[in-house]
Every structure is written in C-alpha cells, then in structure tokens.
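Worth saying up front: this structure is predicted, and the values here are computed from it rather than measured.
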Amino acid sequence: MTDRDSHGGQGFVVGIDLGTTHTAMACARRDDEKARPEVVAISQLVAAGTLDARTLLPSFLYFAAEAEGALALPWDAERRLAVGEFARARGADAPLRTVASAKSWLCHPGVDRRGAILPQGAPEDIEKISPVEVSWRYLEHLSEAWDARLAREGHAPAPLGQQEVVITVPASFDAGARELTAEAAMAAGLENVTLLEEPQAALYAWIDAMGDGWRKELRVGDVILVIDIGGGTTDFSAIAAVENEGALELVRVAVGDHILLGGDNMDLALAHVVRQKVMQAGGADLDRWQMGALTHACRGAKERLLSDAQLEAVPIVLAARGSKLVGGGVRSELTREEVTRVLVEGFFPVVPASARPVVRARGALTQLGLPYASDAAVTKHLAAVLGRQAGALARVGLPHDESV
C-alpha cells in the first residue's frame, strides 16, 4: 500500500461487492496501471471477544442483548451491534435480533425502505432500523476496518471516504434501489462513489483475465450471456459484440427483470424440508422464530455440505425458547442428498426453451415478508428472458434469429 493519500496524487480505487449474504472488498493503487487488485481482509468479530480478518464479511447485523455486554471492536469498545461472521452465527440462536437479506429489503418497493422495519419481529429492547441504515452499517464497518488496517500496518492515513469507490449493484435494481445504495454510501462517509452493475463487473473480470485474447474469442454478432445468481437476486444480461469504426466493442442488448431468487430462497426451501421431517417424526409445527432460526441453520449446513465432499449429513439443532418449551428444542439433520435434490430439481431443472415461470399465490417461500419469485426454477426465468429478447440484436443492427 502507498503511504500517500488520495489528495497526494496516488490513493486507491476500491471495489466493494455489497452482496446479499457476503460483502467483499478489493483495492488497487490508482497511479499504477500495472497494479493488480488486492483483496482486502476485513477485521470482524468471529465469536464473542474474538477478532479476525477475513476476505468475506457476511452481510448480517446483530443487536446484542443487554446481558451480552458490548461487542467491542478495536475502534469502538462500546459498540452494541456486530456486523459479519459473529452476526451470522448468532442468527441461528437469536434470529429476531439478526438482520439478514438487507439488500433484498432495499429493493422491495412494497415497504418504506427508509423506515425502521428491521429486524422483523424484533423484541422491544431493539430500536429497529431501515434497510438503508443496515447497508450503511455494512459500509461503515468496511470503512472503519480499512482505516484501522492502514494504522495497524504503519501507513499514513488514507481514509476510505477519500478514495475512489466502486460499489456493485444488480443490473435489475430500479432507480430507487440505486439511489438508496448511494445514500447509504454517503451516510458511511464515502464521498466518491460509482455504482457498477454486477454482470458488467463480471464481464470486466473476464476481459481482464483474457487480456488481449478476448478479441480473438469473439466475432461480430456473438452474444455473451451473463448469469449472476447471488444470495438474493438472479440477474441475466445479454451483451453483444458489435463493430464500431473497425473495432470490436461490447454492447449490452438485454437485461432481465428484477427477480428475488437466489441463495436465500434455497436456504428457505431447505428449511421447509427439515421442518417437514420434524413434523413427520411427531414434532410440533415450528413458529416464526423457529423457522427463522432453522433457515439460518440450514444456510450453514448447506455451505458445509457443498464445501466438504466427505460430509454426508450435518445435524440441525435449535434450542428451545421460553420456559414452557423446556426440552422442546428441535433436532434433525440435513443430508447431502436432500441439498442436491432440492437445489438441482427445484432451482435448476432441465426445461424446454418454451418453458415459462409459473405464477402462484404467495406461499411458503414468501412468508418472511419479501416478494420472492413464486417459481424457483432459475432455468424457466432464463427461458422467459431469452424468449422476450429474441429480437434484441436487431436493435443494434446485427443479424438475428427470432427463435430461441
């Protein structure tokens, strides 16, 4: 890292992937065209009283109960909330004190996105906050961790707020969601912010990895389909290779609808699988608190099963809540077969090009308040986008085939 700040002519370009389930940050020196981006390790609480720097900051916010005391950070010994790994871990035990999927709430036009609505169902000792403030808290944590890292490594101050910052957003974000993201960044002290669409960022990364070779991979008339399946949304963008004054250029010709369909839906679907197993084994149906905790637990179990080929099952244990539920905790498991079946058959089935998403009434996958896609099949949504955009190439003067 350089010792001179942005006003000294060097500084950094900082990229922030403000994701639904994880946030990441990378930087490069602005004055060095050959500099490679460096992933920034983000200091965060990973357990009570334990700080660690990790490349991913889980996009979760946790409000501590009075008995827990302060959730101290090196830059704030009295803080009463946590962002990151510890907050995510607490979600399984205290879901009503934990905010998840703030990015999905930020783009929900059916609620007051500046209103104090999160966490949903929070106990009375929590002062609820808005989706905008949650996003601000994530960005504030990144800023504080950045500044603390520079100080720890002995560099001259170069506050994140003074750097050139690029924040990624879904291509299908509406103008309101983009404005609110910029508002959250401003509240966090970030003064020079550019919003970059996530599929476009993915394309830039591919071009960077290919070097000059990307021009040999594409011909005029070729179309690149970027599919971005994230924690909260699925984005489809079609980008065409066109000729402009003898040079090959890339032009976006189509973007899909805003679809709340991603990892959150998968976690909730897995939670309903476990819920059915509990009920079939003679257990009582789960209440809202237990379903929230179960969804958090299934997220963790899914990640373990998909990252460790040796695991065949992960136990699911939910603590009892309240004196009348003594001995009433939930015990079950999530298996690799269940995860594979639910994710592949439910979210990525093989469908014909004529398939279209089925519109259903709000049901299980929308019960937590967010307007999730009623049909979970990503492949059907893709077929619908391709069908609607069959003539997109004509709009940029390229030969095209109206068929899908």
Under a 4.0 Å N-O cut-off, is there an ion pair linking Asp375 with Arg356? no

Can you name the closest pair of heavy atoms from Trp214 and Leu248 and give their distance? CH2-O, 4.0 Å

Do Arg97 and Asp125 meet the salt-bridge criterion of a basic N to acidic O distance under 4.0 Å? yes

Step by step, would you call Ile16 with Val166 a side chain to side chain contact (heavy atoms under 4.5 Å, CB included)? CA-CA 6 Å; Ile16 296 175; Val166 178; over 6 Å; no

So do the side chains of Arg252 and Gln200 get within less than 4.5 Å of each other, counting heavy atoms only? no

Ser101 and side chain to side chain donor-acceptor pair (under 3.5 Å): which partner among Asp264, Thr21, Thr20, Asp267? Asp264

Verify, without hydrogens or angle tests, whether Asp52 (side chain) and Leu45 (backbone) share a donor-acceptor contact under 3.5 angstrom. no

Surrounding CG of Asp212 (heavy atoms of other residues, nucleotides or ligands, distance under 6.0 Å), is the total greater than 12? no

Would you compute the distance between atom OG of Ser43 and atom CG of Leu73 and round it to the nearest 0.5 angstrom? 9.0 Å

I'd like to know if Asp308 and Arg336 make a salt bridge, using a cut-off of under 4.0 Å between side-chain N and carboxylate O. no

Examine distances only and state if a side-chain atom of Asn244 and a backbone atom of Ala247 form a donor-acceptor pair shorter than 3.5 Å. no

Arg29 vs Glu164, test: salt bridge (Lys or Arg N to Asp or Glu O under 4.0 Å). Steps then yes/no. CA-CA 10 Å; Arg29 288 188 307 199; Glu164 182 179 348; over 6 Å; no

Quiz question: by atom type and distance under 3.5 Å, do the side chains of Glu338 and Thr335 form a donor-acceptor pair? yes

Quick check: do Ile42 and Leu142 have side-chain heavy atoms less than 4.5 Å from each other? yes

Rounded to the nearest 0.5 angstrom, the OG1-CG distance for Thr340 and Leu305 is 8.5 Å

Do you know the tightest heavy-atom contact between Ala82 and Phe86? CB-CD2, 3.9 Å

Output yes when Arg215 and Glu249 qualify as a salt bridge under the 4.0 Å nitrogen-oxygen rule, no when they do not. no

Is it true that the side chains of Asp17 and Thr168 contain a donor and an acceptor less than 3.5 Å apart? yes

Taking NZ, NE, NH1 and NH2 as the nitrogens, is one of them in Glu303 or Arg88 under 4.0 Å from a carboxylate oxygen of the other? yes

Electrostatic pair Arg149:Glu38 at N-O distance under 4.0 angstrom: yes

Give a yes or no on this: more than 12 heavy atoms of other residues, nucleotides or ligands lie within 6.0 Å of atom CZ of Phe348. yes

Is the CE atom of Met186 crowded by more than 12 outside heavy atoms at less than 6.0 Å? no

Test your reading of the model: is there a side-chain donor-acceptor pair from Lys380 to the backbone of Val358, 3.5 Å cut-off? no

Measure the shortest side-chain to side-chain distance between Val378 and Ile259 over non-hydrogen atoms and say whether it is less than 4.5 angstrom. no

Can you find a heavy atom in the side chain of Ile224 that is under 4.5 Å from one in the side chain of Trp206? yes

Between Asp235 and Ala171 (side chain of the first, backbone of the second, donor and acceptor by atom type, cut-off under 3.5 Å), is there such a pair? yes

Is there a donor-acceptor pair under 3.5 Å between the side chain of Ser143 and the backbone N or O of Leu139? no

Tell me whether Ser307 contacts the main-chain N or O of Arg304 through its side chain, where contact means a donor paired with an acceptor under 3.5 Å. yes

Would Leu382 and Phe236 count as a side chain to side chain contact (heavy atoms under 4.5 Å, CB included) here? Give the steps. CA-CA 7 Å; Leu382 175 58; Phe236 304 111; 3.7 Å; yes

Are His141 and Trp146 close enough that their ring centres sit under 6.0 Å apart? no

Starting at NZ of Lys302, measure out to OG1 of Thr295 and round the result to the nearest 0.5 Å. 11.0 Å

Can you tell me how far apart NE2 (His296) and CD1 (Ile316) are? Round to the nearest 0.5 Å. 12.5 Å

Is any NZ, NE, NH1 or NH2 atom of the basic residue among Arg80 and Glu68 found under 4.0 Å from an Asp or Glu carboxylate oxygen of the other? no

Any ion pair linking Glu144 and Arg79 (charged N to carboxylate O, less than 4.0 Å)? yes

Salt bridge or not between Arg113 and Glu183? Use side-chain N to carboxylate O under 4.0 Å. no

Looking only at heavy atoms, what is the nearest atom pair of Val255 and Ser237, with distance? CG2-OG, 3.9 Å

Please report the closest heavy-atom contact between Ala185 and Val193, naming both atoms and the distance. CB-CG2, 4.0 Å

Any side-chain heavy atom of Phe347 within less than 4.5 Å of one from Asn265? yes

Might you work through the side chain to side chain contact (heavy atoms under 4.5 Å, CB included) test for Ile227 and Leu225, ending with a clear yes or no? CA-CA 6 Å; Ile227 302 174; Leu225 177 64; 3.9 Å; yes

Is it true that Glu179 and Arg114 have a side-chain N and a carboxylate O under 4.0 angstrom from each other? yes

Closest approach of Phe63 to Pro119 (non-hydrogen atoms, all atoms of both residues): CE1-CD, 3.8 Å

Treating Tyr138 as the side-chain partner and Ser59 as the backbone partner, does any N or O pair qualify as donor plus acceptor under 3.5 Å? yes

Between Ser130 (side chain) and Ala116 (backbone), is there a donor-acceptor pair under 3.5 Å? no

Taking Glu345 for the side chain and Val342 for the main chain, is one N or O donor matched with an acceptor at less than 3.5 Å? no

For Leu71 and Leu81, which heavy atoms make the closest approach, and how far apart are they? CD1-C, 3.7 Å

Donor-acceptor pair, distance only, cut-off 3.5 Å: does the side chain of Gln44 make one with the backbone of Leu56? yes

What distance do Leu343 atom CG and Leu306 atom CG have between them, rounded to the nearest 0.5 Å? 6.5 Å

Once you round to the nearest 0.5 Å, how far does CH2 of Trp105 lie from CG of Leu370? 4.5 Å

So for atom CZ, which belongs to Arg331, do other residues, nucleotides or ligands contribute more than 12 heavy atoms lying within a distance under 6.0 Å? no

